[in-house]
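Reading through the structure tokens given below for one structure.
Each ligand, and each atom within it, is numbered from 1 in the order the structure gives. Position 1 is the first residue of the sequence; numbering continues from there.
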Amino acid sequence: MRFAIVKNAKELAERAFLEIKKVLDEKSDAVIGFATGSTPIPLYDKMADDHKRNGTSYKDVRAFNLDEYVGVDPGDKASFARFMQDRLFSRIDIDPANTDIPNGMAEDLSAECERYSAAVKEHPADIQILGIGANGHIAFNEPYTKPEEPTHIALLTARTRADNAAAFKDPSLVPQYALTMGIDEILTAKRILLLAMGENKAQAIYDMVMGRDDTSCPAAALRRHPDVTVVLDREAAGLLTFGEWERAAEEREARQAAERAEEELEANESDEAADGETAEAAADEASEADEDAAEEDVDADGAESEDGEDGEEADTSEADDDEAENGEDAADEEADEQDDDADASEEK
Ligand code: GLP
């Protein structure tokens, strides 16, 4: 999982667009999985703007959407079909025949789920855009959904219905059911691009990265995918312990710089020896240098084994253990993060 932390929605859109552009540059007839919700709107604005200015074409692109409400007409402003139409498809040159979304008005909803599952299987996404629910849902896969369940009828939780109420005139009009692509189906995408903004997503993001390895946070399934880019603002990243990862990286760099300096010194010393000192003196110096080097190796090895393996995964689990063992530190850090966030919003 790669992370990019951005300052605002504009930066989020720019960073996310790079990922989409990379895919389109490689493959003009790419399959793109789209998401709805407020988070990807700046990205869709950016895509529409780039299409207008730079002519990036979507005419051969095939689009699949993650989900749709049951019982909401595709022409209704609250439907995800209409959202995609208004927010993106009508603003780029995509062929409407190449766009697909589950039909929540189908007479036989189970048959519609089967149709959609087969279509997704036939055209796996080159890149899947995802948002995340405040309870960690991806698409409409609510907590405790079995990952292997293909496109299905989902019963929405009260929280999800409340979070999605803005598109409806009355919160009681938010449907109870939706059709959603399944978790394992989402994971068939070659790349995944997850976007999240705001403090109300911080817990879901924490659970996705460091929470229990079960289905309580559906987004945690993304840990199984080899190519996930997560673009977050500081608020959504607020519970992650990036500070520890950064410190570990700095320590590593300092150690490597010291090792390089030592090597240069040794090389200079042996040059000098070759340049004129007696063979005996040179031998003495060389053996001193060897001793120094041996000491250095021990230090370096010792430091290595304390820090564990290099890389993000090792850092992640290390941070995880620290948090579990030391709740106070985690709380302090959270307070620091919140201070930082307050500073950041003051700056804005
Ligand atoms: C809905 C969609 C999800 C989306 C989520 C987050 O529940 N089904 O696909 O990720 O909303 O929406 P927002 O970006 O508005 O927070």
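Under the 4.0 Å criterion applied to side-chain N and carboxylate O atoms, Lys190 and Asp126 are assigned as salt-bridge partners. Using a 4.0 Å cut-off between a side-chain N of Lys or Arg and a carboxylate O of Asp or Glu, Asp49 and Arg53 qualify as a salt bridge. Ion pairing between Arg224 and Asp184 holds under the 4.0 Å rule for side-chain N and carboxylate O. Remark: Asp86 does not engage Arg91 in a salt bridge, criterion side-chain N to carboxylate O under 4.0 Å.
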- side chain to side chain contact (heavy atoms under 4.5 Å, CB included) evaluation trace for Arg15 with Thr229: CA-CA 10 Å; Arg15 183 62 187 78; Thr229 301; 4.2 Å; yes
Provide, line by line, the atom pairs where ligand 1 and the protein bring an N/O atom each to a distance under 3.5 Å; else say none.
unit_1: ligand 1; atom_1: 7 (O); unit_2: His137; atom_2: NE2; d: 2.8
unit_1: ligand 1; atom_1: 7 (O); unit_2: Asn164; atom_2: ND2; d: 3.2
unit_1: ligand 1; atom_1: 8 (N); unit_2: Asp67; atom_2: OD2; d: 2.7
unit_1: ligand 1; atom_1: 8 (N); unit_2: Ala139; atom_2: O; d: 3.3
unit_1: ligand 1; atom_1: 10 (O); unit_2: Ile132; atom_2: N; d: 3.3
unit_1: ligand 1; atom_1: 14 (O); unit_2: Ser38; atom_2: N; d: 3.3
unit_1: ligand 1; atom_1: 14 (O); unit_2: Thr39; atom_2: N; d: 3.0
unit_1: ligand 1; atom_1: 14 (O); unit_2: Thr39; atom_2: OG1; d: 2.4
unit_1: ligand 1; atom_1: 15 (O); unit_2: Ser38; atom_2: N; d: 2.7
unit_1: ligand 1; atom_1: 15 (O); unit_2: Ser38; atom_2: OG; d: 2.9
unit_1: ligand 1; atom_1: 16 (O); unit_2: Lys201; atom_2: NZ; d: 2.6

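The list of side-chain hydrogen bond (donor to acceptor under 3.5 Å, both in side chains) pairs with a residue in residues 61-77, not counting sequence neighbours, reads Tyr69-Asn164.
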